[in-house]
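Each ligand, and each atom within it, is numbered from 1 in the order the structure gives. All values below were derived from every heavy atom in this structure, side-chain atoms included, with hydrogens, water molecules and symmetry-related copies excluded. Along the sequence shown, residues are numbered consecutively beginning with 1.
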Amino acid sequence: MFQDFKNNIDYFLRSKTKFSRKNFVEKSESALFRNYLENLYTYDLLEQIFDVNYQDKISVLDIGCKNWFYAKGEYSFFKNHCNSLSLHGVEIDAYRVYSNFYSRYEVAKFYTKDLQNCLYIPDNLLNIKHRYNYIVWILPFITKNPHVAWGLPQRFFAPEKLLNHAYNLLLNDGQMLIVNQGEKEADIQQKMLEKLKIKYERKGIVKSEFLQYKNDRYAFLIKNN
Ligand SMILES: C[S@@+](CC[C@H](N)C(=O)[O-])C[C@H]1O[C@@H](n2cnc3c(N)ncnc32)[C@H](O)[C@@H]1O
């Protein structure tokens, strides 16, 4: 109750003030190396799960892209499968500020620098109306505790509504990847897909040579055909 009250006030203040230091640049070599591995991991993940044919144009949405530290991995993967790529990332809490006083949005500008037609959208997924060939959704909040612990007001916790909305943003023959943390979350995700009558392939644990996260990650592939 108190946590939600605090989250509401914090969220209201940061969304209104949009405070951030400007022009973030990551200078730490170890952080840059870690980021290099994270992007290789992302590329590898997309390659293992998606079934992509070469197309002239591809549009992609990343849901909950945070500071979009993995944008380059996504971008390189899809750019290898098309002539013209548009990559959008939507984040409801874009103005959360890190301890160095840069917001997620400002940090995302660093990670998406030089990526053509790459757009960071500081908004709620539910306000997105554009439709996409591919959707990537890494670690959605599907239970309330992680959502609240992340600092988001409870009124934004609507996993079924968000999933249904995301599915309806897929163009014909579009595909969506959902990645969950841990088997328990994957089981909840599966039940939700079944309840909404969305057809899926449960791909199991995703492994990559580049990076191993502490908790196993489970993937689902959803096709709109
Ligand atoms: C667990 S984090 C995952 C972040 C990132 N995808 C990653 O892999 O590190 C979930 C993200 O989804 C965002 N989010 C939650 N609800 C959202 C919504 N309705 N619209 C857009 N973003 C949302 C959160 O603010 C958070 O940044």
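Counting atoms of ligand 1 from 1 in the listed order, those under 4.0 Å from a heavy atom of Phe141 are 1 (C), 10 (C), 24 (C). Using a 4.0 Å cut-off to heavy atoms of Arg104, the atoms of ligand 1 that qualify are 25 (O), 27 (O).
Considering only residues two or more places apart in sequence or on other chains, Phe141 meets the ring-ring contact (aromatic ring centres under 6.0 Å, His included) condition with His147, Trp150. In this view, Asn127 and Asp123 satisfy the side chain to side chain donor-acceptor pair (under 3.5 Å) rule, not counting sequence neighbours.
For ligand 1, the polar-atom distance check against Leu162 finds no nitrogen or oxygen pair separated by under 3.5 Å. Any N or O atom pair closer than 3.5 Å counts here, and Asp62 shares no such pair with ligand 1.
Neither the backbone nor the side chain of His147 comes within 4.0 Å of ligand 1, counting heavy atoms alone. When non-hydrogen atoms are compared, ligand 1 lies under 4.0 Å from the side chain of Phe69 (C-beta onward) but not from its backbone. Proximity of Leu152 to ligand 1, defined as any heavy-atom pair under 4.0 Å, is confined to the side chain (atoms from C-beta onward).
Taking 4.0 Å as the cut-off, Phe157 does not count as a neighbour of ligand 1 on heavy-atom distance. Residue contacts with ligand 1: Phe156 is excluded, as none of its non-hydrogen atoms falls under 4.0 Å. In this structure, Trp150 is part of the shell of residues with a heavy atom less than 4.0 angstrom from ligand 1. Ligand 1 lies out of reach of Gln181, whose nearest heavy atom is not under 4.0 Å from it.
Closest to atom 24 (C) of ligand 1, if we only count protein heavy atoms, is Glu91 OE2, 3.4 Å. Among protein heavy atoms, the minimum distance from atom 20 (N) of ligand 1 is reached at Leu125 N, 2.9 Å. If you check which protein heavy atom lies closest to atom 21 (C) of ligand 1, you get Ile92 N, 3.3 Å. Residue, atom and distance of the protein heavy atom nearest to atom 7 (C) of ligand 1 are Tyr70 CE2, 3.9 Å. For atom 12 (O) of ligand 1, the closest heavy atom belonging to the protein is Gly64 CA, 3.3 Å. Here the protein heavy atom with the shortest distance to atom 3 (C) of ligand 1 is Ile138 O, 3.5 Å.
Taking the side chain as every heavy atom from C-beta outward, Asp62 and Val60 never approach each other to under 4.5 Å.
Here atom 10 (C) of ligand 1 lies nearest to Leu139 when heavy atoms of Leu139, Ile63, Asp123, Val136 are compared. Nearest to atom 18 (C) of ligand 1 by heavy-atom distance, out of Leu126, Asp93, Asn124, is Asn124.
Both tests pass for Lys109 against the ring of Tyr105: distance under 6.0 Å to the centre and angle within 45° of the axis.
To the nearest 0.5 angstrom, Asn215 atom CG is 12.5 Å from Glu183 atom CD. A distance of 9.5 Å separates CG in Asp10 from CG in Asp93, rounded to the nearest 0.5 Å. Note that the CG atom of Asp173 and the OH atom of Tyr134 stand 9.0 Å from one another [nearest 0.5 Å]. For the atom pair Leu85 CG and Asp56 CG, the distance stands at 11.5 Å (nearest 0.5 Å). Taken from NZ in Lys27 to CG in Leu32, the straight-line distance is 11.0 Å, to the nearest 0.5 Å.
Two rings, from Tyr167 and His165, have their centers 6.0 Å or more apart.
Nearest approach of Ser103 to Phe19, heavy atoms of both residues: CB-O, 4.1 Å.
Note: His88 and His130 have tilted aromatic rings, judged against thresholds of 30 and 60 degrees for the angle between ring planes.
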